[in-house]
Amino acid sequence: TAAGVNRTDWFGHFVTQWAGPNAWITKLGFQNREWVVEGYKVIIKGRVTNKHIEGDRHLVDLDMWVENDFGMVTNPGHATVDLPALKPME
């Protein structure tokens, strides 16, 4: 089985692959609801739930989750990511 603490790496990797190397994860949390058994496939999915600006920070809120072979959500999670601006702020 994959220990719950290992899933922190899964979520962190998922977010950084999506956001890119210049983004900063400001919040990351998840729950362990079900076992992830060795030999079964899992996939991490996510969606953007909010975009907002605080000062000069461009923040994106994400809902994420791990699903097993049976479509069961084993780990719901969330994150807030500070993304670099595409254009210089005026």
Side-chain angles (χ1 to χ4, degrees):
T1 61
V5 71
N6 290 342
R7 296 177 214 171
T8 304
D9 294 339
W10 295 357
F11 281 111
H13 184 76
F14 176 78
V15 172
T16 56
Q17 289 296 304
W18 173 78
N22 296 319
W24 186 261
I25 300 172
T26 60
K27 292 180 186 175
L28 178 66
F30 67 94
Q31 297 175 351
N32 291 320
R33 291 193 178 167
E34 295 290 335
W35 290 98
V36 174
V37 180
E38 186 175 337
Y40 286 89
K41 294 178 185 173
V42 294
I43 187 167
I44 301 177
K45 297 180 179 180
R47 72 174 143 256
V48 173
T49 58
N50 191 25
K51 299 184 283 184
H52 48 104
I53 296 175
E54 293 180 9
D56 63 347
R57 298 170 58 196
H58 297 78
L59 303 171
V60 176
D61 298 326
L62 307 170
D63 280 345
M64 306 172 293
W65 58 94
V66 176
E67 285 184 11
N68 64 16
D69 278 344
F70 306 107
M72 178 186 297
V73 174
T74 62
N75 304 89
H78 59 276
T80 301
V81 183
D82 187 353
L83 295 173
L86 295 177
K87 297 187 240 177
M89 294 185 65
E90 298 177 11

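These values consider heavy atoms only, across backbone and side chains, with no hydrogens, waters or symmetry-generated copies.
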**Message:** The test is side chain to side chain contact (heavy atoms under 4.5 Å, CB included); show your working for Val60 and Thr80 and say whether it passes.
**Reply:** CA-CA 6 Å; Val60 176; Thr80 301; over 6 Å; no

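- Cluster annotation: Ile43 and Trp10 are assigned to distinct hydrophobic clusters (Ile/Leu/Val/Met/Phe/Trp/Tyr, side-chain heavy-atom contacts under 4.5 Å, transitive).
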**Request:** Would you check, one step at a time, whether the test side chain to side chain donor-acceptor pair (under 3.5 Å) holds for Asn68 with Thr74?
**Result:** CA-CA 7 Å; Asn68 64 16; Thr74 62; over 6 Å; no

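- For the salt bridge (Lys or Arg N to Asp or Glu O under 4.0 Å) condition, the pairs that include at least one residue of residues 75-85, sequence neighbours left out, are Arg57-Asp82.
- For Glu67, the salt bridge (charged side-chain N to carboxylate O under 4.0 Å, His left out) criterion is met by Lys45, not counting sequence neighbours.
- Expressed to the nearest 0.5 Å, how far CH2 of Trp35 lies from CG of Asn75 amounts to 11.5 Å.
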**Message:** Working note: Asp61 + His78, criterion side chain to side chain contact (heavy atoms under 4.5 Å, CB included); need CA distance, chi angles, decisive distance, verdict.
**Reply:** CA-CA 7 Å; Asp61 298 326; His78 59 276; over 6 Å; no

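- Side chain to side chain, Asp63 and Thr49 fail the donor-acceptor criterion of an N or O pair below 3.5 Å.
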Residues 14-21, side-chain donor-acceptor partners within the protein, below 3.5 Å, at least two apart:
unit_1: Thr16; atom_1: OG1; unit_2: Gly12; atom_2: O; d: 3.0
unit_1: Thr16; atom_1: OG1; unit_2: His13; atom_2: O; d: 3.1

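- To the nearest 0.5 Å, the span separating NE2 on His52 from CG on Leu59 amounts to 5.0 Å.
- Here the CZ-CH2 distance, from Arg47 to Trp65, works out to 4.0 Å after rounding to the nearest 0.5 Å.
- Contact detail for Leu28 and Thr8: the closest heavy-atom pair is CD2-O, 4.3 Å.
- When all heavy atoms of Glu34 and Val73 are compared, the closest pair comes out as CG-O, 4.3 Å.
- By the 4.5 Å heavy-atom criterion applied to side chains, Phe11 and Val66 are counted as neighbours.
- In this structure, CE on Met72 lies 10.5 Å from OH on Tyr40, to the nearest 0.5 angstrom.
- At a threshold of 4.5 Å between non-hydrogen side-chain atoms, the residues Arg33 and Pro76 count as touching.
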